[in-house]
Amino acid sequence: MSKVTVLKHPLIDHKMSQVRNINTNTKAFRETVSEIGALITYEITRDFKTRPIEIETPMAKMTAYELEKPVVIVPILRAGLGMVDGIHNIIPTAKIGHIGLYRDEETLEPKAYYQKFPKTIQESVVLVVDPMLATGGSASYAIQVLKEANVKDIRYVGLVGCPEGVQRLQEDHPDVSIYLAALDEKLDENGYIVPGLGDCGDRLFGTK
Ligand code: PRP
Ligand code: URA
């Protein structure tokens with residue numbers, strides 16, 4: 001069974017209260033989602049392996065440590081884009097892939113419309129990024145696409161999940177760790193997370 005980590009940090013809680021608030025405007029929403037992405041990155045990377053590297057400081061030679069594997073960030077379009085800058089600020093060497101999905105409004109099933117991955121993706125640690133884990137259909141589909149591309153080390157990173165989405169992801173991909181800033185109560189009859197933060201893509205890009 002995959003591990004679920006719900007981050008507990010006063011700064012993350014504080015910023016989540018801002019993005020959840022209906023009165024937060026598009027600019028502040030977008031900036032804060034990105035900032036939470038940066039804060040979450042500490043937790044996602046906690047167990048990343050490092051390898052020794054011989055370097056010279058201005059004072060002496062020493063053994064330092066660098067990340068063993070390259071990192072690829074894969075946002076699920078559109079809303080995943082909102083977290084990318086924050087994560088990339090902390091791991092600037094990461095490459096970025098994209099997968100475009102939207103939920104069919106009737107069936108809530110993910111529909112794919114775009115994908116493009118860097119060549120190094122197979123040997124990389126891949127962070128699948130999507131703020132909302134609702135039914136779990138989009139995240140599960142994206143992870144399946146990556147597995148079919150022969151990616152072995154995948155983690156899911158989101159802002160708000162709910163029990164339905166977590167269960168679906170754990171069942172479909174028991175090998176993929178899940179990182180969330182918050183785990184909410186439930187899905188409503190339209191597939192929205194309650195209390196959640198509303199439609200994340202629309203709030204990021206001002207499309208409603
Ligand atoms: C939203 C969200 C997730 C998905 C989550 O995307 O950004 O990708 O729904 O729902 P699920 O867990 O039930 O699959 P949406 O389809 O609204 O597209 P958008 O990001 O382009 O707005
Ligand atoms: N997608 C969103 O943007 N918000 C939800 O609550 C569920 C899916």
Side-chain angles (χ1 to χ4, degrees), residues 2 4-6 15-34 36-37 40 73-87 96-117 126-147 154-174 176-208:
S2 54
V4 183
T5 304
V6 181
K15 290 177 189 296
M16 284 299 293
S17 78
Q18 294 173 327
V19 297
R20 285 181 186 278
N21 192 328
I22 191 172
N23 295 317
T24 298
N25 66 30
T26 304
K27 180 174 186 285
F29 186 88
R30 204 168 44 236
E31 288 169 357
T32 312
V33 166
S34 178
I36 299 169
I40 287 179
I73 307 166
V74 177
I76 300 178
L77 308 181
R78 291 176 298 168
L81 289 173
M83 295 173 70
V84 170
D85 281 354
I87 300 174
I96 301 176
H98 294 90
I99 179 157
L101 302 179
Y102 68 91
R103 292 200 307 179
D104 181 290
E105 282 182 12
E106 305 271 292
T107 65
L108 300 181
E109 285 301 312
K111 302 281 176 201
Y113 60 88
Y114 184 76
Q115 74 182 60
K116 181 90 178 170
F117 303 133
V126 174
L127 308 175
V128 175
V129 178
D130 190 337
M132 310 307 287
L133 185 62
T135 65
S138 303
S140 179
Y141 182 95
I143 291 166
Q144 190 55 39
V145 168
L146 289 165
K147 286 184 173 175
I154 306 171
R155 293 141 206 245
Y156 168 84
V157 188
L159 293 191
V160 186
C162 60
E164 295 87 337
V166 167
Q167 190 183 342
R168 165 89 187 262
L169 209 50
Q170 285 186 315
E171 282 169 9
D172 291 356
H173 300 291
V176 173
S177 297
I178 301 170
Y179 297 90
L180 293 166
L183 183 58
D184 278 11
E185 195 191 324
K186 59 175 184 184
L187 276 185
D188 74 5
E189 58 286 0
N190 299 313
Y192 277 81
I193 298 173
V194 182
L197 51 76
D199 190 304
C200 194
D202 284 341
R203 293 194 66 190
L204 279 168
F205 299 110
T207 41
K208 215 172 232 172

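When reading the values below, keep in mind they use all heavy atoms of this one structure, side chains included, and skip hydrogens, waters and symmetry mates. All residue numbers in this chain count up from 1 along the given sequence. As the structure is a computational prediction, the values presented were derived from the model and not from experiment. For ligands, and for the atoms within them, numbers begin at 1 and follow the listed sequence.
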- prompt: For atom 5 (C) of ligand 2, which protein heavy atom lies nearest, and how many Å away is it?
  reply: Y192 CD2, 3.4 Å
Closest approach of any protein heavy atom to atom 4 (N) of ligand 2, naming residue and atom: G198 O, 2.8 Å
- prompt: Below 3.5 angstrom, do we get any N/O pair linking G201 and ligand 1?
  reply: no
- request: Please write down residue, atom name and distance for the protein heavy atom closest to atom 14 (O) of ligand 1.
  value: S138 OG, 2.6 Å
message: Any heavy-atom pair between the side chains of H98 and P75 that's under 4.5 Å?
response: yes
field: Option nearest atom 17 (O) of ligand 1 (shortest heavy-atom distance, choices D202, D199, T207)
entry: D199
Gap separating the CZ atom of R20 from the CG atom of L159, nearest 0.5 angstrom: 9.0 Å
Where G196 and D184 come nearest, the two heavy atoms and their spacing: N-OD2, 2.7 Å
Any I154 side-chain heavy atom under 4.5 Å of V74 side chain: no
message: Please list, in number order, the atoms of ligand 2 under 4.0 Å from a heavy atom of A134.
response: 7 (C), 8 (C)
- request: Specify the protein heavy atom at minimum distance from atom 21 (O) of ligand 1: its residue, its atom name, and the distance to 0.1 Å.
  value: R78 NE, 3.0 Å
- prompt: Any idea which protein heavy atom is nearest atom 6 (O) of ligand 2, and the distance to it?
  reply: I193 N, 2.8 Å
query: When you measure from atom 8 (C) of ligand 2 to every protein heavy atom, which one gives the shortest distance, and what is it?
result: R103 NH2, 3.5 Å
task: Look at E31 together with K27 and state whether they make a salt bridge at an N to O cut-off of under 4.0 Å.
output: yes
- prompt: Hey, is atom 6 (O) of ligand 1 touched by any protein heavy atom at less than 4.0 Å?
  reply: no
- prompt: Within a distance of under 4.0 Å, is there any protein heavy atom near atom 1 (C) of ligand 1?
  reply: no
query: Which of the numbered atoms in ligand 1 are below 4.0 angstrom from a heavy atom of Y102?
result: 16 (O)
message: Under a 4.0 angstrom heavy-atom cut-off, which atoms of ligand 1 come close to R103?
response: 9 (O), 10 (O), 11 (P), 13 (O), 14 (O), 16 (O)
task: Kindly check if the number of other-residue, nucleotide or ligand heavy atoms within 6.0 Å of NZ (K147) is above 12?
output: yes
message: Regarding T207 and D202, do their side chains bring together a donor and an acceptor under 3.5 Å, going by distance alone?
response: yes
- prompt: A134 to ligand 1: N or O pair under 3.5 Å?
  reply: yes
query: Does at least one non-hydrogen atom of G136 fall below 4.0 angstrom from an atom of ligand 1?
result: yes
message: For ligand 2 and G191, I'd like to know whether there is a polar contact (N/O to N/O, distance under 3.5 Å).
response: no
field: Crowding at CZ, F205 (>12 non-hydrogen neighbours, <6.0 Å)
entry: yes
- request: Report yes or no: does a heavy atom of R203 sit under 4.0 Å from some atom of ligand 2?
  value: no
message: Tell me the closest heavy-atom pair linking R103 and S138, and the distance in Å.
response: CG-OG, 3.9 Å
query: Should V128 and R155 count as side-chain neighbours, where that means a heavy-atom distance under 4.5 Å?
result: no
query: Any side-chain heavy atom of I178 sitting closer than 4.5 Å to one from L180?
result: yes
query: Taking the non-hydrogen atoms of L108, is any one of them nearer than 4.0 angstrom to ligand 1?
result: no
task: Using the ring of Y113 (Phe, Tyr or Trp, six-membered ring only), decide whether R78 places NZ or CZ under 6.0 Å from its centre and within 45 degrees of its axis.
output: no
statement: Heavy-atom closest pair (V19 atom, L197 atom, distance to 0.1 Å) is O-CB, 3.8 Å
field: Element-labelled atoms of ligand 1 that are located less than 4.0 Å from some non-hydrogen atom of M132
entry: 3 (C), 5 (C)
query: How far is atom 8 (O) of ligand 1 from its nearest protein heavy atom, and which residue and atom is that?
result: D130 OD2, 2.5 Å
- prompt: So is C200 polar-close to ligand 2, meaning N/O to N/O under 3.5 Å?
  reply: yes
